[in-house]
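Take a look at the structure set out below.
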Amino acid sequence: MKKLLLACFLAAGISVQAQIETPQPSPSAKLTQTVGLTEVTLEYSRPAMRGRKIFGNLVPHGQMWRTGANANTKITFSDDVTIGGTSVKAGSYAIFTTPGAKTWEVVIYNDTNNWGTPRNWDDAKVVAKAVAPVNTMPYNTESFTIDIANLKNNGADLVFMWEKTLVVVPFVVPTDKKATASIEKMMAGPGAGDYFSAARYYLEEGKDMDKSKMWIDKAIEMTKDQPRFWYLRQQSLIYAKMGKKADAVKIAKESLALAEKAGNKDYVKMNKESIKEWSK
């Protein structure tokens, strides 16, 4: 069929041009990362060094940079976040930077429809700024890279890497606010899993341990006919945190027995280590 169509085109005097596919010099990248309970998405292009000196040369010091190549580098937050001490509403933003020898200024800009830096800069569209120190890596990063690293429940780092330069900008997400609201809402009619999740979160975040104990105790009571070794493991950790080591050891032994029966080696190991530690 293709040969027949080609012959028809040629007979009619219609030229046929092939579409040649070659790699882009600055390929696009997209990264989506969940931080706590917030989804963060990065979209940007990645130029390469190709033997060139980057900062202070290809990317001059003291001049605003599009922070990548091609269209605006874009970051999207599913919730309100905090960058450089400033609240940033949920939505999509462009990232512009002014690299320096010792520090970078990072700007979150409320307009992603520019190709490169805006022709007419509007200070009213700047929603947040942060100044971050320049760190020197012992090796080259060939392709410009932006990452979301050092994840914690309540925040992470926006990391820029190229050549031997590493710049880190922390941001904060509203995990505690969202998790606490969810817990309070569910407490009107929670199940065992809700009590378990609430108790674990309060333990991990060092919040009210009396509430954490109350919730895990309720989860254990609600599942006493079919005890769960991971629930008991969490209960033992909470009791140990509260200084109730003897009770914690007793509970850990129950969790250990159930984990051994289930063949879960990870929980067997964790329980044995905790029993040894808490029995000292």
Side-chain angles (χ1 to χ4, degrees), residues 32-40 77-82 85 87 147-157 168 170-280:
T32 298
Q33 176 65 59
T34 300
V35 182
L37 298 172
T38 299
E39 189 171 276
V40 183
F77 302 106
S78 64
D79 297 304
D80 296 356
V81 302
T82 302
S87 179
D147 196 11
I148 301 169
N150 303 319
L151 305 178
K152 304 178 183 66
N153 280 345
N154 290 307
D157 291 336
V168 178
F171 64 93
V172 178
V173 295
T175 303
D176 188 62
K177 180 180 179 181
K178 291 185 70 176
T180 301
S182 177
I183 289 169
E184 290 176 351
K185 181 180 179 181
M186 290 302 300
M187 287 305 103
D194 301 315
Y195 281 124
F196 172 78
S197 296
R200 182 179 60 188
Y201 177 75
Y202 265 46
L203 172 64
E204 290 176 352
E205 293 302 310
K207 293 170 74 71
D208 190 330
M209 293 306 300
D210 288 329
K211 283 187 178 180
S212 183
K213 177 182 177 299
M214 177 182 69
W215 291 333
I216 196 64
D217 288 348
K218 286 185 177 180
I220 296 299
E221 175 64 25
M222 293 173 76
T223 56
K224 62 183 180 181
D225 292 336
Q226 292 182 314
R228 302 168 184 179
F229 59 83
W230 60 97
Y231 276 30
L232 290 163
R233 168 69 181 168
Q234 200 65 41
Q235 188 184 39
S236 72
L237 293 172
I238 292 168
Y239 275 57
K241 179 74 173 179
M242 297 179 74
K244 303 176 183 292
K245 298 292 180 67
D247 290 332
V249 169
K250 179 181 177 182
I251 296 165
K253 288 180 178 178
E254 295 177 36
S255 176
L256 173 61
L258 289 171
E260 287 177 332
K261 185 177 179 180
N264 191 302
K265 295 180 180 179
D266 289 339
Y267 274 80
V268 168
K269 182 177 183 293
M270 288 188 294
N271 278 309
K272 284 183 176 180
E273 290 174 350
S274 294
I275 291 167
K276 182 179 179 180
E277 177 186 348
W278 299 335
S279 298
K280 291 181 182 178

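Index from 1, following the sequence.
Considering only heavy atoms from C-beta on, F196 stays 4.5 Å or farther from T223 through its side chain. Side-chain contact between S236 and W278: present, with at least one pair of heavy atoms (C-beta onward) separated by less than 4.5 Å. The side-chain heavy atoms of T32 and V40, taken from C-beta on, include no pair separated by under 4.5 Å. Taking 4.5 Å as the limit, every side-chain heavy atom of E273 sits out of range of all side-chain heavy atoms of E277. At a threshold of 4.5 Å between non-hydrogen side-chain atoms, the residues V173 and L37 do not count as touching. In this structure, F171 and V35 have side chains that are in contact, with non-hydrogen atoms separated by less than 4.5 Å. Counting heavy atoms from C-beta on, the side chains of S274 and R233 come closer than 4.5 Å. At a threshold of 4.5 Å between non-hydrogen side-chain atoms, the residues N154 and E205 count as touching.
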Inset, instruction - Show your working on side-chain contact (heavy atoms from CB on, under 4.5 Å) between K261 and F229 and close with a plain yes or no. - result: CA-CA 10 Å; K261 185 177 179 180; F229 59 83; over 6 Å; no
Legend entry - CA sep, side-chain torsions, deciding dist, call: M242, D247, side-chain contact (heavy atoms from CB on, under 4.5 Å): CA-CA 10 Å; M242 297 179 74; D247 290 332; over 6 Å; no
Legend entry - Worked check of side-chain contact (heavy atoms from CB on, under 4.5 Å) between Q234 and R228: CA-CA 10 Å; Q234 200 65 41; R228 302 168 184 179; over 6 Å; no
Inset, instruction - I would like to know whether Y239 and V249 meet side-chain contact (heavy atoms from CB on, under 4.5 Å); could you show each step before the answer? - result: CA-CA 9 Å; Y239 275 57; V249 169; over 6 Å; no
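Judged by distance alone, the side chains of Y202 and D210 never bring a donor and an acceptor atom under 3.5 Å apart. Checking D217 against Y195 by side-chain atom types alone, no donor-acceptor pair falls below 3.5 Å.
Classification of K224 and E221 as a salt-bridged pair holds, one side-chain N sitting under 4.0 Å from a carboxylate O. The pair K177-D79 does not meet the salt-bridge criterion, since no charged nitrogen lies less than 4.0 angstrom from a carboxylate oxygen. A salt bridge does not link K250 to E254: none of the charged side-chain nitrogens sits closer than 4.0 Å to a carboxylate oxygen.
The structure places CG of L258 at 9.5 Å from CD of E260, a figure rounded to the nearest 0.5 Å. For the atom pair D80 CG and K178 NZ, the distance stands at 10.0 Å (nearest 0.5 Å). Rounding to the nearest 0.5 angstrom, the gap separating the CG atom in L232 from the OH atom in Y267 is 10.5 Å. A distance of 7.0 Å separates CE of M270 from CG of N264, quoted to the nearest 0.5 Å. Interatomic distance, N271 CG to K253 NZ, rounded to the nearest 0.5 Å: 11.5 Å. Here OH of Y201 is found 12.0 Å from OG of S212. Values are rounded to the nearest 0.5 Å.
Residues M209 and I238 share a closest heavy-atom pair of CE-CG2, 3.8 Å. When all heavy atoms of M222 and P190 are compared, the closest pair comes out as CE-O, 4.1 Å. Of all heavy-atom pairs between A192 and A219, the closest is O-CB, 3.6 Å. Across all their heavy atoms, T175 and G36 have their closest contact at OG1-CA, 3.4 Å.
The backbone N or O of G193 sits less than 3.5 Å from a side-chain atom of S197, completing a donor-acceptor pair.
Counting non-hydrogen atoms of neighbouring residues, nucleotides and ligands closer than 6.0 angstrom, the NZ atom of K244 reaches no more than 12 such neighbours.
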